[in-house]
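Each remark here refers to the structure printed beneath this line.
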Amino acid sequence: MGACMALCSIASCASCLCGSAPCLLSKCCPSTYNSTVSRLAFSFLLLLGTMVSVIMILPGMETQLKKIPGFCVGGSSIPGIENKVNCDVIVGYKSVYRMCFAMACFFFLFSIIMIRVRSSKDPRASIQNGFWFFKFLILVGITVGAFFIPDGNFNTVWYYFGAAGSFIFIIIQLILLVDFAHSWNQSWLEKAEDGNSKCWFAALLSFTIVHYALAFAAMVLFYVFYTQPEDCTEHKVFISLNLIFCIIISIVAILPKVQEAQPSSGLLQASLISLYTMYITWSAMTNNPNRQCNPSLLSLVGSAPTPAPGPVPTKAPGDVQWWDAQGIVGLVIFLFCTLYASIRSSNNTQVNKLMQTEEGQGLAADYEAATDDDGVRRAVDNEEDAVTYSYSFFHFSLFLASLYIMMTLTNWYQPDSDYLAMQSTMPAVWVKISSSWLGLVLYLWTLVAPLVLPDRDFN
């Protein structure tokens, strides 16, 4: 009897994994929309791949794997069994490149398949919203195949793909932060109008002051630690220009004409964008190969000797400092933006056009519509007439996110041809700093667009 019940349970789970997104909910889950569940599920696959990459890059992983008898070439052996696994490839930066290559291929494939899906009535929509078990198997299969790619020039070529994709993803992150700040500001202003306005306005003011204070403190620290009186001219230019740009967008955001055209715009959004710009500036400066202008975090907080000027290659697997402070902050921002992109429900028309999404309906679905006759809650199909987001663009964003994760986990280091060292390069600096400038221009455009094009509807 117990065996029969177990088989029935397994069959139920199997049908759920092979079925559509509504099966992913149970009685304990809140009622929500089909589109939200699917985006969360795909984001989970991305986060799962990120976790695997993080584990592979942990210090000492190669040493621990070589302790497994009969596994790694050059490690502990078992009489009569030949060690065949090259552990230099499955750990360290090579493993991150291959893992992220697999995720990028997976999401790019779905981006191509889902082009011009208009509603859930399209047969391809069932692939988007279901068959999760098979999707997982496809991702695992691509990942296994990626580890059989010969070294050759793979890492060097894929580095340039990663740099280009990360440039675009940084812009997408800024757009999401702008959207989040707009939604945040609008929500608290509505609550202030409903009652207890002093409390809500004080909260908005407090967060705005905190954001600007952090941005200003970061700017001061950059001048102190990342510049030298007779050196680091690029850093001085980067810090000064981004400071000026942040002041400009803050002034524009509160101009009377801008406020009249967009009542929801304000200093909260500008302060958050200023803080993010300072992070990108810091991230760019940490990739400068000149160690006089790019001191390590350990040298800042400890008594490490001052490095000699000029580029210094960082030894690969084993000695490389995979994670630094800006990398950890980058991962935190990535996790936030990925989750927000999955559950976002925005009424910001300009951001919706940029992100290829429709006006938000909220996260929670109607209780009666989401509950079956048997009382089980299931996701509501809210895309019968039209999709609420571009399936293809969503997967393309995750494709870019995979490249961004690859560059973040490897600190944007460029591998040498012999793979024995990883070198910080100025191209990585320029990719990041130019993305911050382009992001500021995009935000400035969202402020002045209704004034420049008065005949278009931006409401």
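Predicted, not measured: the structure shown is a model, and the values here were computed from it.
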Describe, in one word, how the ring planes of [X] and [Y] are oriented to each other, choosing from parallel (under 30°), tilted (30 to 60°) and perpendicular (over 60°).
{"X": "F42", "Y": "H395", "result": "perpendicular"}
{"X": "F101", "Y": "F154", "result": "perpendicular"}
{"X": "Y279", "Y": "Y276", "result": "tilted"}
{"X": "W184", "Y": "F207", "result": "perpendicular"}

Determine all donor-acceptor pairs shorter than 3.5 Å in which one atom belongs to a side chain in residues 138-147; sequence neighbours excluded.
residue, atom, partner, partner atom, Å
T143, OG1, L139, O, 2.7

**Request:** Ignoring hydrogens and angles, state whether a donor on the side chain of N242 or T281 is under 3.5 Å from an acceptor on the partner side chain.
**Result:** yes
**Asked** Is the distance between the ring centroids of F399 and F396 under 6.0 Å?
**Response** yes
**Request:** Taking the six-membered ring for Trp and the full ring for Phe, Tyr or His, determine whether the centres of F238 and W430 are under 6.0 Å apart.
**Result:** yes
**Y223 OH: over 12 foreign heavy atoms closer than 6.0 Å** = yes
**Message:** Would the distance check show the side chain of K432 and the main-chain N or O of N287 forming a donor-acceptor pair, the cut-off being under 3.5 Å?
**Reply:** no
**Prompt:** Any donor-acceptor pair under 3.5 Å linking the side chain of R124 with the backbone of I115?
**Reply:** yes
**Message:** Test side chain to side chain contact (heavy atoms under 4.5 Å, CB included) on L438 and F167; report intermediate values, then the result.
**Reply:** CA-CA 10 Å; L438 182 56; F167 172 85; 3.9 Å; yes
**Message:** Using the rule ring-ring contact (aromatic ring centres under 6.0 Å, His included), only one of F106, F108, F107 pairs with F110; which is it?
**Reply:** F106
**Fill in**
dist S436:OG -> I280:CD1 (nearest 0.5 Å) comes out at 7.0 Å
